[in-house]
Novice: 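Pasting a structure below so you can have a look.
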Amino acid sequence: REEREALEKSSKAEFIPYVKMWSSLLTQPLPKIKRASLDIEVASPDEYHIPSPEEAEHQVIAVSIYGSDGRKKVFLLKRGDHSLGDSKIDEAEVLFFEKEESLLEAVFLEMLDYPFIITYNGDEFDLNYLYHRAKNLGFTEDVIPINLGRDQAWIKHGVHIDLYKFFANHALKVYVFESKYVENTLNSVCEAIINESKIEFEGSISDLPILELGRYCFNDARITYMLTSYNDDVVMRLLVVIARVAKMPFEDLGRLGVSNWIRSLMYFEHRRINALIPTSEEVSARGTIYSTAITKGKKYRGAYVLEPEAGVHFNVAVLDFASLYPSIIKVYNLSYETILCGHSECRSNIIPETPHWVCKKRYGITSLIIGSLRDLRVKLYKPLAKKYPPGSDQAVLFNTISQVLKVILNASYGVFGTEAFPLYCPPVAESTAAVGRYLILKTVDECRRRNIKVVYGDTDSLFISGAGKGEAEKMIEWAEEDLGIELDLDKVYKYVAFSKRKKNYLGVLPNGNFVLKGFTGKKSNTPKVIKDAFYNVVGILSKVNSQSDFEAAREEVKKYLKGITDDLRKKKIPLADLSFNVMISKDLSEYVDTTPQHVKAAKQLERTGRKVKGGDIISFVKTTTPDGVKPTSLAKPEEIDANKYIEYMKSTFEQLLDALGYEFDEVIASTKLEDFFWA
DNA sequence: CGTGACTGCTTACCT
DNA sequence: ACAGGTAAGCAGTCACGA
């Protein structure tokens with residue numbers, strides 16, 4: 001209450017009701033949700049055949065249900081020609097059925113005990129299959145607890161949450177799960193998030209002994225459930241908080257993107273204040289785009305990225321604007337109905353760098369909603385999450401709220417620049433970005449005026465070198481007074497190394513921890529051998545405390561890299577560590593313009609019978625064969641093109657070594673110590 | 001017909 | 001169906017010179 005009252009006091013009158021409304025809603029305790037995960041296995045003629053849910057022509061041979069109340073059941077179909085095997089399923093009660101009909105009946109009955117059913121891809125497969133299979137077996141509609149929509153499956157008595165769609169949500173993937181997984185499969189997500197895996201087996205699922213099949217199926221249900229229970233039910237908590245903010249039912253919010261959450265939230269607010277919801281045509285007609293994008297194919301100009309000053313800089317502070325774009329939307333009163341408003345007296349209220357003006361008479365709906373949510377996150381929930389001991393109920397609640405607000409706030413500007421958003425309003429989007437450029441450039445000017453050296457900056461951040469704590473604090477005060485926007489001291493690096501490339505740097509903190517941005521050496525598709533080598537080199541460099549320390553580190557780096565390149569030449573590196581892992585974003589037939597290397601490898605895989613579809617990760621190695629690549633699973637060690645790997649290593653390490661002023665070729669070719677000089 | 005400059009496609013990243 | 005900006009590798013095209 002104390003913190004909330006302080007926030008209310010510092011808020012403008014128009015924002016106070018919103019702060020009150022949000023804080024009383026969001027601080028409600030989080031319910032424990034009774035639920036069960038469900039997974040099914042279907043007989044299939046061969047291992048590459050994926051049974052069609054609509055036809056549902058094959059038997060359902062196993063179902064597992066894993067409940068939050070501790071009940072865990074495996075339903076198995078007895079098949080005469082299959083042995084039971086000797087697998088043990090310790091945790092669960094195992095039930096055998098002679099007839100598939102009675103198995104399904106028992107499963108449906110069990111489902112009724114749970115108001116929430118959790119699946120991984122149940123919309124497309126598990127529930128869809130169960131429904132059609134039951135129909136095929138003569139079940140009547142009223143005894144099947146499932147309804148099918150166009151792209152989703154509903155539970156008649158409760159809520160079905162399909163985690164596949166939840167974990168595939170790009171915004172959640174990036175901002176909540178920190179891009180820890182790339183592929184959206186159950187196995188990839190579980191490995192990245194809860195350190196669990198699917199059970200591996202060879203051949204076809206239908207050929208497994210019955211108990212072995214049960215063990216496999218049960219494990220899937222178990223890890224699916226764990227995705228909702230790990231870290232104190234964080235996924236369930238996220239769903240509850242998103243539902244509260246977005247004013248959206250659970251069924252929808254797990255399946256729809258952030259733009260839909262924001263649409264729902266904005267529409268709700270229109271209804272609450274008795275305002276008409278405009279049509280997209282009305283909103284689009286407000287104005288047109290003025291700026292031109294730097295990137296081909298984009299609609300308007302975006303953020304500004306400063307040229308980094310190449311080299312090593314010691315004692316670098318990073319200043320950044322807290323939630324820059326939401327702050328701009330709030331402070332500059334940006335909204336579809338305030339931009340280019342009808343009042344002639346507002347026409348002089350011009351947005352910097354644009355011909356657009358904005359209303360002076362009243363606050364816009366976007367400004368009020370996004371502005372108040374921004375303040376809630378920055379001034380209330382972030383500090384509150386830190387105030388309570390980690391793991392306490394309060395810390396857990398405030399952290400969840402803070403994460404959800406982050407996702408929504410991060411998307412709140414972008415939605416106005418996307419045609420699919422019903423309140424699409426390009427002048428709002430381009431004005432937000434324009435003000436961002438204006439603010440960061442003004443701040444750079446102010447630094448220069450104060451003789452503070454700016455060595456880099458991107459969108460909302462400035463890296464300043466050689467400034468003391470006092471000077472940084474003065475800048476923060478200046479921003480508050482002259483810009484009306486909150487600037488923070490984000491961190492202070494022991495040193496930062498920049499090559500000449502933007503969005504690409506190494507920052508080392510006083511405690512030796514480091515931050516790597518942009519480097520090829522950290523990208524998910526880079527071969528493990530090169531990625532490991534890169535992190536090891538950075539590890540060596542992160543111990544450096546002064547210019548002279550670089551001398552000693554240099555020798556260590558050189559020796560280390562020489563070892564790796566020698567191993568590469570002698571083909572001592574295992575294939576798995578040499579593989580590039582690249583996502584194939586569409587189906588093979590859709591690559592009509594070019595045939596990139598991962599597509600070449602995928603085509604070779606298809607020729608061996610493997611199915612490849614959009615979203616799969618293709619693992620390939622560079623070879624001396626005519627295609628230049630081979631899928632890792634089909635390649636032989638002697639086919640590896642060592643030179644290609646050394647070339648790739650060179651360009652990977654140059655991004656780092658450039659900054660330090662020496663050449664990769666010298667590192668691996670030279671034998672004389674005196675050949676090396678550091679900047 | 002081979003080479004190199006150039007453009008466009010594709011993926012992954014940064015804010 | 002949030003946005004734009006940047007890096008990098010490779011595929012494909014085309015002019016140029018032999």
Side-chain angles (χ1 to χ4, degrees), chain A residues 168-175 179 182 255-263 289 291-308 318 320-326 329 370 406-426 428-434 436-437 440 456-462 490 499-505 515-526 580-586 590-600 614 617-618 622 627-629 644 647-648 650-652 654-655 658:
Chain A
N169 181 308
H170 188 73
L172 292 172
K173 193 168 170 174
V174 174
Y175 299 117
S179 301
V182 178
R255 292 174 172 84
L256 296 171
V258 199
S259 70
N260 277 286
W261 305 349
I262 296 176
R263 173 185 53 80
I289 292 167
S291 60
T292 52
I294 290 179
T295 316
K296 231 187 199 171
K298 302 292 185 186
K299 297 187 283 280
Y300 57 89
R301 171 109 7 135
Y304 189 61
V305 187
L306 301 192
E307 211 65 60
V318 183
D320 73 346
F321 292 105
S323 281
L324 178 65
Y325 286 176
I329 289 173
I370 300 304
K406 174 164 75 177
V407 173
I408 290 181
L409 289 170
N410 277 335
S412 64
Y413 134 82
V415 294
F416 290 99
T418 187
E419 287 97 331
F421 186 61
L423 301 175
Y424 170 60
C425 189
V428 166
E430 84 163 331
S431 296
T432 311
R437 295 193 299 274
I440 197 157
Y456 179 58
D458 184 349
T459 310
D460 60 357
S461 67
L462 287 180
D490 181 35
S499 63
K500 57 190 185 304
R501 301 160 185 84
K502 295 173 172 181
K503 299 186 186 284
N504 206 285
Y505 61 88
V515 174
L516 277 176
K517 295 291 181 185
F519 293 105
T520 302
K522 71 168 280 194
K523 294 201 174 188
S524 59
N525 57 6
T526 299
F580 289 82
N581 300 291
V582 177
M583 178 176 284
I584 192 155
S585 64
K586 44 192 181 184
E590 293 170 67
Y591 287 88
V592 285
D593 296 315
T594 57
T595 312
Q597 294 196 317
H598 63 298
V599 177
K600 281 191 181 134
I617 301 281
I618 305 298
K622 302 210 182 208
D627 261 358
V629 295
K644 277 270 188 312
E647 270 302 302
Y648 199 86
K650 177 181 170 182
S651 70
T652 303
E654 262 174 359
Q655 295 176 346
D658 272 4

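Computation of the quantities below employed the complete heavy-atom set of this structure, encompassing side-chain atoms and omitting hydrogens, waters and symmetry-equivalent molecules. Letters A, B, ... are given to chains in the order of the sequence lines, protein chains preceding strands, and every chain is numbered from 1.
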Novice: Do A:Ser431 and A:Tyr300 have side chains that approach each other closer than 4.5 Å (heavy atoms only, starting at C-beta)?
Specialist: no
Novice: Once side chain to side chain contact (heavy atoms under 4.5 Å, CB included) is applied, do any residues pair with A:Lys500, and if so which ones, sequence neighbours excluded?
Specialist: A:Asp658
Novice: List the residues meeting side-chain hydrogen bond (donor to acceptor under 3.5 Å, both in side chains) with A:Ser412, not counting sequence neighbours, and say none if there are none.
Specialist: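 side-chain hydrogen bond (donor to acceptor under 3.5 Å, both in side chains) list for A:Ser412, sorted by chain: empty.
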Novice: Between B:dC13 and A:Ser524, is there an OP1 or OP2 to side-chain N/O distance shorter than 4.0 Å?
Specialist: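 For A:Ser524, the contact criterion (side-chain N or O under 4.0 Å from OP1 or OP2 of B:dC13) is met.
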Novice: Indicate whether OP1 or OP2 belonging to C:dG9 is found under 4.0 Å from a side-chain N or O atom of A:Ser651.
Specialist: yes
Novice: C:dC2, OP1 or OP2 - any side-chain N/O from A:Thr418 closer than 4.0 Å?
Specialist: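 No.
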Novice: Starting at the 5' end of DNA chain C, which residue's closest nucleotide do you reach first, A:Glu307 or A:Ala420?
Specialist: A:Ala420
Novice: So A:Thr295, base contact, sugar-phosphate only, or nothing? Heavy-atom distance under 4.0 Å.
Specialist: base
Novice: What's A:Gly302 touching, base or sugar-phosphate or nothing? Going by heavy atoms closer than 4.0 Å.
Specialist: sugar-phosphate
Novice: Please tell me which of the listed nucleotides, C:dA7, C:dT6, B:dC14, lies nearest to the side chain of A:Asp458?
Specialist: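 Of C:dA7, C:dT6, B:dC14, B:dC14 is nearest to the side chain of A:Asp458.
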Novice: Report all side-chain donor-acceptor pairs from residues 417-425 of chain A shorter than 3.5 Å, counting only partners two or more places apart or in another chain.
Specialist:
{"from": "A:Glu419", "atom 1": "OE1", "to": "A:Lys299", "atom 2": "NZ", "distance (Å)": "3.4"}

Novice: May I ask you to verify if any side-chain N or O of A:Arg437 is less than 4.0 angstrom from the OP1 or OP2 atom of C:dG4?
Specialist: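 It does not, given that no N or O in the side chain of A:Arg437 lies less than 4.0 Å from OP1 or OP2 of C:dG4.
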Novice: What's A:Asp320 touching, base or sugar-phosphate or nothing? Going by heavy atoms closer than 4.0 Å.
Specialist: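 Since no nucleic acid heavy atom lies under 4.0 Å of A:Asp320, the category is nothing.
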Novice: Just one of A:Thr526, A:Ile617, A:Val182 clears the side chain to side chain contact (heavy atoms under 4.5 Å, CB included) bar with A:Asn581, so which one?
Specialist: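 Running side chain to side chain contact (heavy atoms under 4.5 Å, CB included) over A:Thr526, A:Ile617, A:Val182 with A:Asn581 returns exactly one hit, A:Ile617.
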Novice: Mark up nucleotides 3-11 of chain B, 5' to 3', with B wherever a protein heavy atom is under 4.0 angstrom from a base atom, S wherever such an atom reaches only the sugar-phosphate, and - elsewhere.
Specialist: -----SSSS
Novice: Does A:Ser179 reach a base, just sugar-phosphate, or nothing at all? Heavy atoms under 4.0 Å.
Specialist: nothing
Novice: Classify the nucleic acid contact of A:Lys500 as base, sugar-phosphate or nothing, counting any heavy atom under 4.0 Å across all strands shown.
Specialist: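 A:Lys500: no heavy atom of the nucleic acid under 4.0 Å.
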Novice: What integer distance in Å separates A:Lys502:NZ from C:dG5:P?
Specialist: 10 Å
Novice: Atom CZ of A:Phe519 to atom P of C:dT6: distance rounded to whole Å?
Specialist: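 One finds 17 Å between P of C:dT6 and CZ of A:Phe519, rounded.
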Novice: Base, sugar-phosphate, or nothing for A:Ala429, non-hydrogen atoms under 4.0 angstrom?
Specialist: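 If one applies the 4.0 Å heavy-atom cut-off, A:Ala429 turns out to touch nothing in the nucleic acid.
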Novice: Roughly how many Å is it from CZ in A:Arg301 to P in C:dT6, rounded to a whole number?
Specialist: 10 Å
Novice: Atom NZ of A:Lys600 to atom P of C:dG9: distance rounded to whole Å?
Specialist: 16 Å
Novice: Starting at the 5' end of DNA chain C and moving along, which residue's nearest nucleotide shows up first, A:Phe421 or A:Gly297?
Specialist: A:Phe421
Novice: Would you say A:Lys644 has more than 12 foreign heavy atoms packed within less than 6.0 Å of its NZ?
Specialist: no
Novice: Taking ring pair (Phe, Tyr, Trp, His ring centres under 6.0 Å) as the definition, give me every residue that meets it alongside A:Tyr325, ordered by chain and number, with sequence neighbours left out.
Specialist: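 A:Tyr325: ring pair (Phe, Tyr, Trp, His ring centres under 6.0 Å) contacts with A:Tyr413.
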Novice: Between A:Lys503 and B:dA12, does any side-chain N or O lie under 4.0 Å from OP1 or OP2?
Specialist: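 For B:dA12, OP1/OP2 do not have a side-chain N/O of A:Lys503 under 4.0 Å.
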Novice: Can you tell me how far C1' of C:dA3 sits from OH of A:Tyr325, to the nearest Å?
Specialist: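 Distance check: A:Tyr325 OH to C:dA3 C1' gives 8 Å.
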Novice: Among all residues two or more places apart in sequence or in another chain, which pass the ring pair (Phe, Tyr, Trp, His ring centres under 6.0 Å) test with A:Phe519?
Specialist: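 If we apply the ring pair (Phe, Tyr, Trp, His ring centres under 6.0 Å) test to A:Phe519, skipping adjacent residues, the hits are A:Phe534.
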Novice: What is the distance from OH of A:Tyr300 to P of C:dC2, rounded to the nearest Å?
Specialist: 13 Å
Novice: Need one value for A:Gln655: base, sugar-phosphate or nothing, where a base atom within 4.0 Å counts as base even if backbone is also close, heavy atoms only.
Specialist: sugar-phosphate
Novice: With a 4.5 Å cut-off on side-chain heavy atoms, are A:Val599 and A:Thr594 touching?
Specialist: no
Novice: Does A:Lys522 make a side-chain N or O approach to OP1 or OP2 of B:dC14 shorter than 4.0 Å?
Specialist: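 For A:Lys522, the contact criterion (side-chain N or O under 4.0 Å from OP1 or OP2 of B:dC14) is met.
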Novice: Any base atoms under 4.0 Å from A:Phe416, or only sugar-phosphate, or nothing? Heavy atoms, all strands.
Specialist: nothing
Novice: Check side-chain hydrogen bond (donor to acceptor under 3.5 Å, both in side chains) between A:Lys502 and all other residues, then give those that pass, not counting sequence neighbours.
Specialist: none
Novice: Contact between A:Thr459 and A:Ile440 at the side-chain level, heavy atoms closer than 4.5 Å - yes or no?
Specialist: no
Novice: Report the nucleotide, chosen from C:dA11, C:dT6, C:dG4, that has the shortest atom-to-atom distance to any side-chain atom of A:Lys298.
Specialist: C:dG4
Novice: Starting from C1' on C:dA7, measure out to CD on A:Glu654 and report it in whole angstrom.
Specialist: 14 Å
Novice: Scan nucleotides 13-15 of chain C against the protein and return all N/O pairs shorter than 3.5 Å with their distances rounded to 0.1 Å.
Specialist:
none

Novice: To the side chain of A:Tyr505, which of C:dC10, B:dT15, C:dG4 is closest?
Specialist: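 Of the options given, the side chain of A:Tyr505 lies nearest B:dT15.
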Novice: Tell me, please, which residues at least two apart from A:Tyr648 pass ring pair (Phe, Tyr, Trp, His ring centres under 6.0 Å).
Specialist: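 Here the qualifying residues are A:Phe580.
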Novice: Over all strands shown, is A:Leu256 touching base, sugar-phosphate only, or nothing at heavy-atom distances under 4.0 angstrom?
Specialist: sugar-phosphate
Novice: Any idea which of C:dG5, C:dC10, C:dA7 is nearest the A:Lys644 side chain?
Specialist: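 That would be C:dC10.
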Novice: Specify the separation, in whole Å, of atom CG of A:Leu409 and atom C1' of C:dA3.
Specialist: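 In whole Å, C:dA3 C1' lies 15 Å from A:Leu409 CG.
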